[in-house]
Amino acid sequence: MGLLSDPKSRERFSRIAAKYNSPLCVLAYVVGVVWFLALAYKPFNHRTYFSENALLPGLVEGKFRTENVATRISQAMKDIKDVNKDGPMPVAWIVNQFRGLGLDTYTQEYIQTIPVPSARQSEEQGKEMFVQLNGTNVYAILRAPRTASTEAIVLSAPYKHYLNMDHNNHAFGLMIALASHFRKSSYWSKDIIFLLVDYDEIGMEAWLQEYHYTKSPLLKSSPLHGRSGSIQAAINLELHSDQVSHFNVKLEGLNGLLPNLDLVNLVVQLCGRERITVKLHQQRDPFPSEGWPAFQQNLKTMSLMMLHQATGMPNGLHGLFLRYHIEAVTLEGVLEPGRSSTGFYRMGRVLEGVFRSLNNLLERFHQSFFFYLLPASDRYVSIGMYMPPFGLILLVTALKAIALYISIGTPDPDPWDGAENVVIEHIQSRKTGDGQGDNTDSKRGVTKIRTQNYSDGDVWSLVPVVSCCQVAGFIASISPMVMTGLGHLFGTRPYQALITGATGMFFASLFMPKCITRNRLACTVNTLRLWKCAALVLQAIILAATAAANFSLGMLLAVTMVPVCAMVRPGKLRFLQAVLMLLVSPLGLLIIYTGLYLLLTETEYHGVVPSAMHLCTIVYYNILSGVIHGYVLGTWQYTLLALAVFPNWLFFWCIVFKKRDVPVVENKEEKKTS
Amino acid sequence: MSAEPRAEQRPQFRPVPKALKYIFGLGLGARAVLMSSHLAGWLQDRLELASPVTSWTRMTEGLSLLDHGISPYEGDMFHETPLVLMLLYCLSKIWGGLIPIFFLLVDLVTGCLVHEVGTNVCRHLLEKQGRHVKFYSTDSLSLLLTGKQLNSVPRLMLGAYLLNPLTIASCAAYSTTGLHSLVIAGALLAAVQGNRLLATLATAVASYQCVYPEIFIIPVAMYIAQLEQGGRFSFRDPDSRLSLLQTAGGHFAWLGFLWALSFLPFGSMDWLYSTRGFVMLAPDLTPNMGLFWYFFTEMFEHFRIFFLCVFQLNAVFYVIPLAVKLRDHPMFHLHLLVGLTAVFKSYPTFGDAALFLSLLPVWGHCFKYMRNLFLVVCMWLYSIVLAPVLWHLWIYYGSANANFFYAVTLAYATAQIFLLTDLLYAFLRREFHLRHGPAPKEGQGMPILMNLK
């Protein structure tokens with residue numbers, strides 16, 4: 001309480017905060033960023049460890065021997081695929097495979113409506129206006145011989161990857177092989193659900209929603225006829241070939257959720273035992289693990305993880321489990337040419353080990369970390385380590401806000417806007433035009449004071465500005481759907497209409513500063529200080545709340561927005577400020593980070609123009625998937641950007657373009673004498 | 001209440017109606033829109049807006065139990081008072097659509113009451129200033145209140161109540177917190193009017209409904225005694241004591257009457273344990289914005305009674321030191337108590353704090369002495385935004401844990417306590433400056449630092 005109640009230390013604090021404000025801000029920002037980047041370096045992060053003792057991965061003895069089944073089934077499925085090229089999933093055949101093993105096998109049908117008008121069907125009838133997808137999930141339950149189906153573990157696989165239309169027949173083969181192996185064992189104390197999902201994410205969502213009795217208006221599905229207990233963990237399997245050189249472990253789930261670190265450790269540990277290389281985001285763990293190249297590699301892995309996490313979109317089916325508080329990871333088996341590879345035998349042994357360890361669990365995963373970043377598969381940065389640098393970056397905002405708050409009501413030692421400090425002569429005639437009653441005095445006998453105004457900022461002027469920005473944000477949040485509806489009427493292609501809706505409001509609102517001009521909303525320097533102070537406080541709140549929910553998004557926003565927003569001030573170098581502000585606008589940030597992602601992942605460089613074109617396409621698809629996933633899967637990234645980040649940014653944008661008005665002090669005594 | 005201050009007040013109503021119309025229109029419009037949107041269902045289960053006492057979900061449970069002829073107080077679900085239950089039961093029987101209208105009306109009436117409280121307290125302040133001005137330092141003329149200065153206060157209060165997002169959300173959630181605010185605002189209004197019969201009835205209704213306003217009777221009794229005795233008031237004076245006792249007696253008589261009235265529908269006093277007992281014993285430790293739940297879940301069971309006493313005493317105890325310190329300012333004391341109970345009660349919601357916030361404009365003349373306003377505003381905003389986020393992370397995603405959410409509730413409580421202590425400090429400091437001039441020669445203003453917390 002010393003600082004709060006003792007006026008002396010308080011005064012000292014505020015004096016320091018005001019006097020050394022800029023150096024302190026720079027220092028906090030630089031230290032924050034450097035500290036954060038340093039976390040990727042080995043001495044600054046920690047080695048992963050098992051926190052949950054019940055897993056006992058060391059006690060698992062691999063007995064998997066049915067790899068020939070995997071080969072046979074995956075070949076058979078490939079044959080079927082070759083016959084009916086892009087046909088639906090061969091449900092009956094899959095059901096037969098599971099039934100052949102004696103498992104309880106069920107199917108689930110679903111229809112997903114995507115709220116985008118379909119170009120094809122709209123010509124026929126207004127009734128079937130939206131795109132509809134239907135599919136069938138197949139799942140089989142291996143009942144645990146030792147308990148009464150109160151808990152379950154899931155092994156899932158998508159039927160095919162709809163992004164690259166690649167069939168996942170190898171994963172299904174391995175799944176059947178594992179099922180036939182697991183079937184013979186008597187030690188299972190948890191049911192094992194084998195799930196083959198049609199239309200990857202949507203099918204998964206349909207199954208999970210039905211399993212947990214949650215409903216969404218856009219997704220209709222038939223009820224599940226067979227059930228098991230509460231799902232403890234899930235492994236999702238994607239195999240690109242029957243021989244793999246490494247497993248790519250995918251963690252990032254819906255809205256930036258991550259699985260418990262123990263599960264990740266478990267997978268990494270067991271892969272290591274079977275000598276299968278593990279990669280994160282296709283990035284190999286550096287060897288040797290210290291030194292500059294290793295740091296670069298770790299930083300790259302960590303950045304890729306953050307960029308993925310920030311999108312809030314799951315990069316595998318596991319991501320949807322996380323929302324239901326089920327820990328899940330995706331194992332993607334990739335064959336990299338020129339590397340030694342392993343077949344189904346070792347893959348099967350890894351999965352067997354994982355499932356037997358999960359079988360040992362006595363309670364849900366709760367020990368280890370849920371908030372972490374991985375610079376390498378065996379190193380982690382926990383929430384306690386990455387929050388302080390983030391706090392330092394936010395401290396810039398806080399310090400700036402405090403300094404501005406202190407400066408309100410004091411004369412300005414450093415006028416924000418020297419050039420603008422010229423009296424605009426017609427201000428009084430304009431001011432009477434806006435119909436406010438108390439302006440009668442300002443017609444005559446007005447004393448214009450050319451020096452700084454000492455009065456406090458006008459708190460009420462915040463109300464129209466903030467509400468205008470929020471309204472703009474609200475419009476931006478609903479406009480994609482409104483625009484697709486409108487576009488449907490005019491025959492625009494739905495995706496174009498959607499993009500127009502998503503970005504249109506952004507471009508339209510760039511003109512907002514024009515609407516809050518001097519004669520609508522007069523501002524003294526103190527009012528502008530108050531505005532910026534409020535904008536900074538709001539920004540800090542938004543960033544802190546974002547970082548709590550999805551750290552990577554919060555961090556990426558903070559790293560770029562904080563310095564620019566802390567620097568902007570009305571007037572000076574308006575063009576430069578505008579460029580900087582545009583760069584840190586939601587759209588600008590999307591382009592920057594997409595570019596960064598491409599820079600980190602793409603190896604080929606085709607020249608400036610094709611790269612720029614490529615970047616634009618990727619950004620286009622990112623916006624599209626951001627909006628559509630918001631409706632279909634319930635990601636909130638687009639809504640957050642539209643409802644919180646964008647209005648806040650718009651507020652700063654208005655401050656940049658707001659001309660500081662020379663205070664008009666109505667002096668009644670002056671009037672009397674005149 | 002002489003005619004003179006009335007005449008001073010009259011002109012303030014002339015420019016008001018337009019602004020009032022806007023406030024009413026906007027406030028009620030926002031509530032109606034939110035009630036009819038799909039967010040209403042989500043809001044009803046927000047623990048920040050609906051405590052176990054005020055939750056609409058529990059109210060529907062009570063209504064349906066009543067419908068089946070079972071007393072809702074026999075179970076462990078329902079904790080709202082019988083009179084409110086019967087009122088809502090009648091309304092729902094007449095027409096289900098009356099319920100939202102009822103909640104809108106409740107907020108509307110509360111707004112009007114708050115407005116009236118503002119008008120009356122401002123008048124009271126001016127009158128008091130008129131009485132005391134001879135004791136004030138001649139230098140502190142600039143600190144004196146003027147009628148013009150206080151002109152906009154009632155409107156501000158109305159706006160602060162009706163346009164506060166917290167009350168809007170709480171109304172759209174059908175939380176009976178609105179009803180609690182109504183009775184408390186009624187108690188404040190009746191108190192400032194100084195009519196003993198009405199004031200005791202209003203405090204009795206308020207304490208019947210929300211338990212903690214029981215302590216309001218102390219400043220109310222002091223206020224009435226001071227009105228009656230004038231300058232002769234003192235705790236030692238037998239007449240003053242008699243007056244205090246009369247007020248307290250009136251309060252408890254009314255309370256007894258209300259209890260008797262509540263006895264009628266069920267024919268038993270079970271409800272007393274389910275409502276008052278529930279609030280006092282705090283058996284439901286579902287997380288809320290208060291300070292009880294975390295502490296009592298963490299604690300060994302055999303300490304429970306002891307700490308229950310400590311926590312409940314903490315909620316009500318401040319009335320005594322404040323009564324001593326603010327002997328001459330019972331109205332300010334009363335308003336502080338509204339804030340204090342909103343922090344320390346066992347099942348607080350945002351709506352409780354919002355009522356206190358809407359009372360603040362009346363003390364706007366003290367704001368310039370407040371030291372932590374910026375900090376309080378920031379903390380408040382942070383906790384309001386972060387509370388749902390961390391709750392979601394804890395309960396729905398299971399990735400955060402109880403400590404995250406508890407940290408936010410702590411910040412929320414701390415912000416309110418800062419606000420209260422700061423307001424108290426600012427008030428006392430203004431009094432000091434009134435007596436000693438705005439810039440006393442020696443010891444610039446710290447000697448009256450209160451050791452409240």
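What you are looking at is a predicted structure, and each value in this text was computed from that prediction instead of being measured.
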Kindly indicate whether the side chain of [X], heavy atoms from C-beta on, has any atom under 4.5 Å from the side chain of [Y].
X	Y	answer
B/Asn401	A/Phe370	no
A/Phe371	B/Leu393	yes
B/Phe374	A/Ile402	yes
B/Tyr397	A/His325	no

Exercise. Out of curiosity, B/Leu381 CG to A/Leu538 CG, how far, rounded to the nearest 0.5 Å?
Worked result: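 These two atoms lie 7.0 Å from each other.
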Problem set entry | Nearest-0.5 Å distance, CE of residue B/Met379 to CD1 of residue A/Ile541 |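 If we round to the nearest 0.5 Å, B/Met379:CE and A/Ile541:CD1 are 12.0 Å apart.
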Exercise. Step by step, would you call B/Leu373 with A/Tyr405 a side-chain contact (heavy atoms from CB on, under 4.5 Å)?
Worked result: CA-CA 11 Å; B/Leu373 206 52; A/Tyr405 184 76; 4.1 Å; yes
Exercise. Side chain, backbone, both or neither: which part of A/Asn260 has a non-hydrogen atom closer than 4.5 Å to chain B?
Worked result: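 For A/Asn260, no heavy atom lies under 4.5 Å from chain B.
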For this session: With a 4.5 angstrom heavy-atom cut-off, could you sort out which part of A/Ala398 is near chain B: side chain, backbone, both or neither?
Result: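 No part of it gets close to chain B.
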For this session: Measure B/Leu386 against the heavy atoms of chain A and call it side chain, backbone, both or neither at under 4.5 Å.
Result: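 When you check distances to chain A, only side chain atoms of B/Leu386 fall under 4.5 Å.
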Exercise. Of the non-hydrogen atoms in B/Val385 and A/Ala545, which two are nearest, and what is the gap between them?
Worked result: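 Residues B/Val385 and A/Ala545, closest heavy atoms: CG1-CB, 3.8 Å.
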For this session: Kindly check if the number of other-residue, nucleotide or ligand heavy atoms within 6.0 Å of CZ (A/Phe474) is above 12?
Result: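 Atom CZ in A/Phe474 is not crowded, with 12 or fewer foreign heavy atoms closer than 6.0 Å.
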